[in-house]
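The basis for the numbers below is simple: all heavy atoms, side chains too, and nothing from hydrogens, waters or symmetry mates.
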Amino acid sequence: MRPAPTILHLDMDAFYASAEQAAKPSLRGKAVVVGGLGPRGVVATASYEARRLGVHSAMPTAQARRLAPNAAYLVPRFSLYRTVSDQVMELLGRLSPLVEPLSLDEAFVDLEAGGTADDSASARATGEGLRAAIRAVTGLSGSVGLAGSKMLAKIASEEAKPDGLLLIEPGTERELLAPMSVRILPGVGPATGDHLRRAGMTTVHDLAEAGEAELVRLVGKAHGHGLHRMALGLDDRPVVAERDAKSVSVEDTFDVDLHDRVRVRAEVERLAVRCVERLRAADRSGRTVVLKVRRYDFSTLTRSETLRGPTDDPTVVREAAARLLESVDTTGGVRLLGVGVTGLADYTQEDLFAQAADARELAQRDREHHAPAAEEPVPEPEADNGDQLAARRWPAGHDVHHEEHGHGWVQGSGIGRVTVRFEEPWSAPGRVLTFRIDDPLLRPAEPLPLVRESPDYSSWPASLPKSRSSGAAPSGGGESSP
């Protein structure tokens, strides 16, 4: 525990949904749900308007539709979220060399290591300055927690939501935590929470009073010891700048089980290309290709192939994944496919082209060995109805450009038609028009920036106060402290 609240935790507010509302003027102030839209889809993020109707992340989309039938249901646009996340992380990097990202929208920052705060006043000023900078650069809001430990900083940001700041003064931790539910502590999920409740412990105060020996008896030595320390507000974990990923992967769950082998292979190859795109975006390469297949009966199989050296070549990964598929029986139907790369490195194999050629040669030999007889028909891919085709080509919420009407986004599609609302992040709510899904004047487009002219923050945060004598920054909306 530190004597000053110089560990900052930032959590962007309803990140995906807020980004969609910022990009689409007609959705501001309305319920927005981002996630998978098929029968097996789940909610990734819900706007605060949707949360008030009972919708929350990880909820099946079908259930969300029953709770909020009039909400806007959108397919995620990860390219936009990554761009905004990069902007936010760049601002955090200006505060300290020790930034520990937890996801696209969440990170810890060690303000003391960056020299941007050494007491409560300068920490508060830095937190408020950060919130203002994020809003100016991205148009979005984030909640900030400040404390002497990572656990408390994260709890503080959660309590500050939405769009607020909470600073926990050193020495007040136990008083703040005491009335809170045990579920507020890291590692206490529904099962552990239920177990503690049956033992008569529902608040953090109950855990602190029970003592370490009793908690060890209830939940085991390792968990009991850690739980008691957390109940006392003790956490000495450092902010770690490098959280090295062990793998990169992508997967898709299909609305209807896939039975056709040609279609399954096409999906595997498509996933492999997406996986390599993520690999390259992270400036990494990988040596082992992994295929994941979840079959109709929910049984899940994984197969892997280790290459001669690390690669980020889409041909190599695609063909390795296709070879792995040959060892999996998919005749009963496939509900999920995934492709991943492990054994990550920051370099690629020197004889990459030879490796790709070897992969193609192996694939060609395999095709020749399994070639059908002349009279045997080659199976065609499964036919899709018009609605499925339209949904894949024009995902709800994604960007489009029409040569006559300009930039817009897909409101919905089906029966050979796609409905588009034409508006931009900085415009008024736009008009809605419907087109044929094969309209030659309509094409997919890249997301627009959420802020038309981003201010120059190249010198920020040099002007922030850094000592007790500097005083605190003016308070803002949602700011509080115990």
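Checked by atom type and distance alone, the side chain of T6 never pairs as donor or acceptor with a backbone atom of D118 at under 3.5 Å. S18 places no side-chain N or O within donor-acceptor distance of the main-chain N or O of F15, the cut-off being under 3.5 Å. Of the possible donor and acceptor atoms, one in the side chain of T116 sits under 3.5 Å from a partner among the backbone N and O of L111. In this structure, D206 contributes its side chain and T203 its backbone to a donor-acceptor pair below 3.5 Å. Between the side chain of S247 and the main chain of T342, no donor-acceptor pair closer than 3.5 Å is present. The closest donor-acceptor contact from the side chain of S85 to the backbone of R82 lies at 3.5 Å or more, if one exists at all. Counting only distance, with no hydrogens or angles, the side chain of Y73 and the backbone of V34 share no donor-acceptor pair below 3.5 Å.
Once rounded to the nearest 0.5 Å, the distance linking OG1 of T83 with CG of L450 reads 9.0 Å. Between atom CD1 of residue I7 and atom CZ of residue F108 there is a gap of 8.0 Å, rounded to the nearest 0.5 Å. Taking CH2 of W409 as the start and OG1 of T419 as the end, the distance is 10.5 Å to the nearest 0.5 Å. Rounding to the nearest 0.5 Å gives a distance of 9.0 Å between CD1 of I168 and CG of L146. In this structure, CG on D283 lies 9.5 Å from CG on D312, to the nearest 0.5 angstrom. Here R52 contributes atom CZ and L67 contributes atom CG; the two are 15.0 Å apart, rounded to the nearest 0.5 Å.
Under the ring-ring contact (aromatic ring centres under 6.0 Å, His included) criterion, Y81 pairs with Y16, F78, not counting sequence neighbours. Every residue two or more places apart in sequence or in another chain that forms a side chain to side chain contact (heavy atoms under 4.5 Å, CB included) with E269 is listed here: R265, R318, A322. Applying the side-chain hydrogen bond (donor to acceptor under 3.5 Å, both in side chains) test to R452 and every residue at least two apart in sequence or in another chain returns nothing. Listed by chain and number, the residues in a side chain to side chain contact (heavy atoms under 4.5 Å, CB included) with E158 are D11, K161 (sequence neighbours excluded). Shown here are the side-chain hydrogen bond (donor to acceptor under 3.5 Å, both in side chains) partners of R51, two or more places apart in sequence or in another chain: there are none. In this structure, the side chain to side chain contact (heavy atoms under 4.5 Å, CB included) partners of S141, at least two apart in sequence or on a different chain, are D13, R135, D163. Listed by chain and number, the residues in a side chain to side chain contact (heavy atoms under 4.5 Å, CB included) with I134 are L10, M12, V88, L91, L130, T138 (sequence neighbours excluded). Partners of Y296 according to the ring-ring contact (aromatic ring centres under 6.0 Å, His included) rule, which considers only residues two or more places apart in sequence or in another chain, do not exist here.
Between M230 and P186, the closest heavy-atom pair is CE-O, 3.2 Å. Minimum heavy-atom separation, P449 to P425: O-CG, 3.5 Å. Closest of all the heavy-atom pairs between M89 and S103 is CE-O, 3.6 Å. Closest approach of Y457 to A132, counting heavy atoms only: OH-O, 4.0 Å. In this structure, L324 and V289 approach most closely via the heavy-atom pair CD1-O, 3.5 Å. Among all heavy-atom pairs drawn from A241 and P97, the shortest one is CB-O, 3.8 Å.
E267 and R270 are joined by a salt bridge, as a carboxylate oxygen and a charged side-chain nitrogen come within less than 4.0 angstrom of each other. Ion pairing of R2 with D110 is present here, as a side-chain N (NZ or NE/NH1/NH2) and a carboxylate O approach within less than 4.0 Å. Under 4.0 Å is where a charged nitrogen must lie from a carboxylate oxygen, and between E106 and K154 at least one such pair does. Taking 4.0 Å as the cut-off between side-chain N and carboxylate O, E90 and R94 count as a salt-bridged pair.
Side-chain contact between H228 and L207 is absent, with no heavy atoms from C-beta onward closer than 4.5 Å. Under the 4.5 Å side-chain criterion, counting only non-hydrogen atoms from C-beta, D235 is not in contact with L152. V317 has its side chain within reach of V341: a pair of non-hydrogen atoms, C-beta onward, lies under 4.5 Å apart. At a threshold of 4.5 Å between non-hydrogen side-chain atoms, the residues L185 and L227 count as touching. With a 4.5 Å cut-off on side-chain heavy atoms, P5 and P170 count as touching. The shortest side-chain heavy-atom distance between L165 and R124 falls under the 4.5 Å cut-off. Within the 4.5 Å cutoff, no side-chain heavy atoms of R335 are placed close to those of F254. Counting heavy atoms from C-beta on, the side chains of P444 and H398 never come closer than 4.5 Å.
Legend: salt bridge (charged side-chain N to carboxylate O under 4.0 Å, His left out) pairs involving residues 290-302, not counting sequence neighbours, sorted by first then second residue: E251-K292. Under the side chain to side chain donor-acceptor pair (under 3.5 Å) criterion, no residue pair touches residues 53-64, with sequence neighbours excluded. Every pair passing salt bridge (charged side-chain N to carboxylate O under 4.0 Å, His left out) that includes a residue from residues 25-41 is listed here, sequence neighbours excluded: R40-D257.
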Expected list for residues 173-182: side-chain donor-acceptor pairs under 3.5 angstrom, two or more places apart:
| residue | atom | partner | partner atom | Å |
| --- | --- | --- | --- | --- |
| E173 | OE1 | G171 | N | 2.9 |
| E173 | OE2 | G171 | N | 3.3 |
| S181 | OG | R183 | N | 3.1 |

Inset, instruction - Test S96 against V109 for side chain to side chain contact (heavy atoms under 4.5 Å, CB included), laying out the working first. - result: CA-CA 7 Å; S96 173; V109 184; 3.7 Å; yes

Inset, instruction - Applying side chain to side chain contact (heavy atoms under 4.5 Å, CB included), run through M201 and E214 and close with a yes or a no. - result: CA-CA 11 Å; M201 303 177 196; E214 177 63 10; 3.8 Å; yes

Inset, instruction - Please report the C-alpha distance between E49 and V32 in whole Å, then the side-chain angles of each, then the deciding distance to 0.1 Å, and finally whether the side chain to side chain contact (heavy atoms under 4.5 Å, CB included) criterion is met. - result: CA-CA 7 Å; E49 296 84 357; V32 174; over 6 Å; no

Inset, instruction - For S120 and E169, run side-chain hydrogen bond (donor to acceptor under 3.5 Å, both in side chains): C-alpha distance rounded to whole Å, both residues' side-chain angles, the deciding distance at 0.1 Å, then the answer. - result: CA-CA 7 Å; S120 296; E169 291 284 359; 2.7 Å; yes

Inset, instruction - Assess whether side chain to side chain contact (heavy atoms under 4.5 Å, CB included) is satisfied between V339 and L337, documenting all intermediate values. - result: CA-CA 7 Å; V339 174; L337 289 169; over 6 Å; no

Inset, instruction - Run the numbers on D119 and S122 for side-chain hydrogen bond (donor to acceptor under 3.5 Å, both in side chains), then give the verdict. - result: CA-CA 6 Å; D119 59 14; S122 55; 2.5 Å; yes

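Residues S304 and T288 have side chains that never bring a donor and an acceptor to within less than 3.5 angstrom of each other. When only modelled atom types and interatomic distance are considered, S26 and E423 share a side-chain donor-acceptor pair under 3.5 Å.
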